[in-house]
Structure formats: C-alpha cells, structure tokens
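Shown next, in structure tokens, is the structure this report addresses.
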Amino acid sequence: MQPKNKRAIRTALQTLAAVAAVLPALAAVLAESDLAVTAPWAVAAAASAAAVAGIVARIMASPAFEALLDRFGLGLADEIPEDRPR
C-alpha cells in the first residue's frame, strides 16, 4: 500500500476515534431531549466526517498539493535532513 493511502486511512481512523469519543455524550443529550429522532443522523454524520477526513488527507498527500503547502512552509518532509540530529 502506498504511504499516501496509509496516511489517508490513518486520518480517517483518527477522526472516527475522536468522533466516537464524543458520540456517547451526544447520544445522552439527545436521549434526554425531544431530539431523540436525530440520533441516527448523528451516527451518519460521524461516519461522514471520518470519510471526508480520509478523502481530504488523500488529496493533501498529492504531490501538487504538497508543493502548494511547501510554498507556505506547511509541507511535510518524508526524509530527515542530513544535518538534523536524530
């Protein structure tokens, strides 16, 4: 698997974990209110957020987008420079 795809999958999993951590509290609030019918929507929104995060991570891993980020000093270096201590 390409590193770009691995990064996208990792980002999606990280987002899903973050949303899953908040989801029980959100479900408790919804259960105590008249908005209980929105619980399935909240689960679908969590899954959608993870999918979108993965797609955005994959786009950001493209060489063109990486070059754009490099212009602003936000690019990621895959290699450690020779002069940097390890």
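Position 1 is the first residue of the sequence; numbering continues from there. When reading the values below, keep in mind they use all heavy atoms of this one structure, side chains included, and skip hydrogens, waters and symmetry mates.
The two residues E66 and M60 make their nearest non-hydrogen contact at OE1-O, 3.8 Å. When all heavy atoms of A53 and T15 are compared, the pair lying nearest together is CB-OG1, 3.2 Å. Nearest approach of G54 to A8, heavy atoms of both residues: O-CB, 3.4 Å.
Linking Ile, Leu, Val, Met, Phe, Trp and Tyr residues whenever their side-chain heavy atoms come within less than 4.5 Å places F65 and V56 in a single cluster.
Note that the OG1 atom of T11 and the CZ atom of R58 stand 11.5 Å from one another [nearest 0.5 Å].
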